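All remarks here apply to the structure that follows.
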Amino acid sequence: AGFPFGGVWSRSDVILFGQTLSGLLRVSATGGEVTQVTIRDRSRQETYHLYPTFLPDGRHFLYSIQSGQKETRGVYLGSLDGNLKRRLLDEVAVIKYVAAVPGDTTNDAGWLVFGRDDALLAQPFDAIRLDFTGQPFTISDKVGRDVHARFISTFSISDDGVLVFDPSLDRQRR
């Protein structure tokens, strides 16, 4: 079993979620078998795979890995077939993709939005090449974080580009 650590539902009805004892798991929105997508690498001291979010193609996703090794923890790019695991950022963060043209899943241009320290940042990202295309820039110099899990920034972005965030630092969960 274990406790849930974030989840996401794709346009193709795949639900991807983290669980404390296992890594990332997937299940069809219509039910069925739960299958393993990522496996914690104990040799790299990976403790959790957290907070997945899909990219527009519905096959690739971003997630964070918590680890006892600084060189292992961070935000990673993965794929539903389990054949991709590439580190994009060297810190654990909740991260979201937003298209440059809201709602356009055919365009490759967009941004990854994430919290770093007490700021909310965006970094240009090509969703087809699956790589950054520019340097990060600040959206807000204050974004709240959960007092119990300092890497959990309190923000959300809808598919049509609406950003909501709480600038209060150290917000209690509710």
Side-chain angles (χ1 to χ4, degrees), residues 1-40 46-67 73-89 91-116 120-123 125-128 130-132 139 143-146 149 151-166 173-174:
F3 296 102
F5 262 131
V8 63
W9 192 321
S10 77
R11 288 181 179 93
S12 58
D13 283 339
V14 173
I15 298 172
L16 185 64
F17 61 99
Q19 200 170 41
T20 53
L21 300 177
S22 60
L24 296 181
L25 305 168
R26 74 180 275 182
V27 66
S28 170
T30 59
E33 184 180 352
V34 175
T35 58
Q36 194 85 37
V37 177
T38 66
I39 298 172
R40 294 180 300 146
E46 293 179 7
T47 52
Y48 304 119
H49 291 188
L50 320 155
Y51 304 109
T53 187
F54 279 108
L55 291 173
D57 67 8
R59 294 184 325 269
H60 295 96
F61 56 89
L62 306 165
Y63 66 106
S64 281
I65 292 179
Q66 182 66 277
S67 170
R73 76 178 74 114
V75 172
Y76 283 75
L77 175 66
S79 61
L80 287 177
D81 63 12
N83 291 328
L84 179 63
K85 181 180 180 181
R86 182 168 42 110
R87 189 174 182 212
L88 294 177
L89 296 173
E91 68 260 74
V92 173
V94 173
I95 192 164
K96 303 288 184 187
Y97 174 83
V98 62
V101 178
D104 183 357
T105 59
T106 61
N107 192 340
D108 60 347
W111 296 273
L112 295 184
V113 179
F114 54 96
R116 179 181 287 158
L120 186 61
L121 305 176
Q123 187 163 358
F125 187 81
D126 184 317
I128 293 175
L130 303 174
D131 210 353
F132 291 112
I139 295 173
V143 65
R145 290 188 284 174
D146 187 293
F151 58 85
I152 301 174
S153 297
T154 53
F155 76 94
S156 184
I157 299 176
S158 69
D159 286 342
D160 61 359
V162 175
L163 169 65
V164 177
F165 69 97
D166 180 356
R173 291 183 206 184
R174 293 204 172 108

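Since we're looking at a predicted model, the values are computed, not measured. Each residue takes its place number in the sequence, starting with 1. Just so it is clear, the values below take in all heavy atoms, side chains as well, and ignore hydrogens, waters and symmetry mates.
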*asked:* Checking V75 against V92 for the side chain to side chain contact (heavy atoms under 4.5 Å, CB included) test, could you report, in this order, the C-alpha distance in whole Å, the side-chain angles of both residues, the deciding distance, and whether it holds?
replied: CA-CA 6 Å; V75 172; V92 173; over 6 Å; no
*asked:* With a 4.5 Å cut-off on side-chain heavy atoms, are V8 and Y51 touching?
replied: no
*Stepwise side chain to side chain contact (heavy atoms under 4.5 Å, CB included) check, R59 with D81*: CA-CA 8 Å; R59 294 184 325 269; D81 63 12; over 6 Å; no
*What are the two closest non-hydrogen atoms of F155 and G115, and how far apart are they?*
CE2-N, 4.2 Å
*asked:* Holding to side-chain contact (heavy atoms from CB on, under 4.5 Å), I want the full list of residues that pass it with D131, two or more places apart in sequence or in another chain.
replied: R86, R129
_Nearest 0.5 Å, please: how far is OH in Y63 from CD1 in I95?_
12.5 Å
*Atom pair OG (S158) and NZ (K96), whose distance is rounded to the nearest 0.5 Å*: 11.5 Å
*asked:* Under the criterion side chain to side chain contact (heavy atoms under 4.5 Å, CB included), I'd like the reasoning laid out for Y76 against L84: C-alpha separation, chi angles, the key distance, then a yes or no.
replied: CA-CA 9 Å; Y76 283 75; L84 179 63; over 6 Å; no
*asked:* Could you check whether any side-chain N or O of S64 sits under 3.5 Å from a backbone N or O of A93, counting only pairs where one atom can act as donor and the other as acceptor?
replied: yes
*Determine the minimum heavy-atom distance between L62 and L77, stating which atoms define it.*
CD2-CD1, 3.9 Å
*Do the side chain of T47 and the main chain of Q66 share a donor and acceptor less than 3.5 angstrom apart?*
yes
*Between the side chains of H60 and S79, is a donor N or O closer than 3.5 angstrom to an acceptor N or O?*
no
*Mind checking whether T53 and F61 have side chains closer than 4.5 Å, heavy atoms only?*
no
*Does the side chain of V27 come within less than 4.5 Å of F17's, by heavy atoms?*
yes
*For E46 and K85, run salt bridge (Lys or Arg N to Asp or Glu O under 4.0 Å): C-alpha distance rounded to whole Å, both residues' side-chain angles, the deciding distance at 0.1 Å, then the answer.*
CA-CA 13 Å; E46 293 179 7; K85 181 180 180 181; 2.7 Å; yes
*Show your reasoning for whether side chain to side chain contact (heavy atoms under 4.5 Å, CB included) applies to V34 and R26.*
CA-CA 6 Å; V34 175; R26 74 180 275 182; over 6 Å; no
*Side-chain donor/acceptor of T38 to backbone N/O of L24, under 3.5 Å*: yes
_To the nearest 0.5 Å, what is the distance between OG1 on T30 and CD1 on I15?_
9.0 Å
*Identify the two heavy atoms, one from L25 and one from V37, that lie closest to each other, and give their separation to 0.1 Å.*
C-CG2, 4.2 Å
*Determine yes or no for a side-chain-to-main-chain donor-acceptor pair under 3.5 angstrom, with Q36 supplying the side chain and S22 the backbone.*
yes
_Smallest separation among heavy atoms of A122 and I139, with atom names_ = CB-CD1, 3.7 Å
*In Å, rounded to the nearest 0.5 Å, how long is the span from OH of Y48 to CD1 of I65?*
14.0 Å
_Can you give me the closest heavy-atom contact between F125 and L88, atom names plus distance?_
CE1-CD1, 4.1 Å
_Test your reading of the model: is there a side-chain donor-acceptor pair from S28 to the backbone of G32, 3.5 Å cut-off?_
no
*Nearest 0.5 Å, what's the CG-CH2 distance between L121 and W111?*
14.5 Å
*Salt-bridged, E91 to R116, with N to O below 4.0 Å?*
yes
_CD1 on I157 to CG on L112, rounded to 0.5 Å_ = 9.5 Å
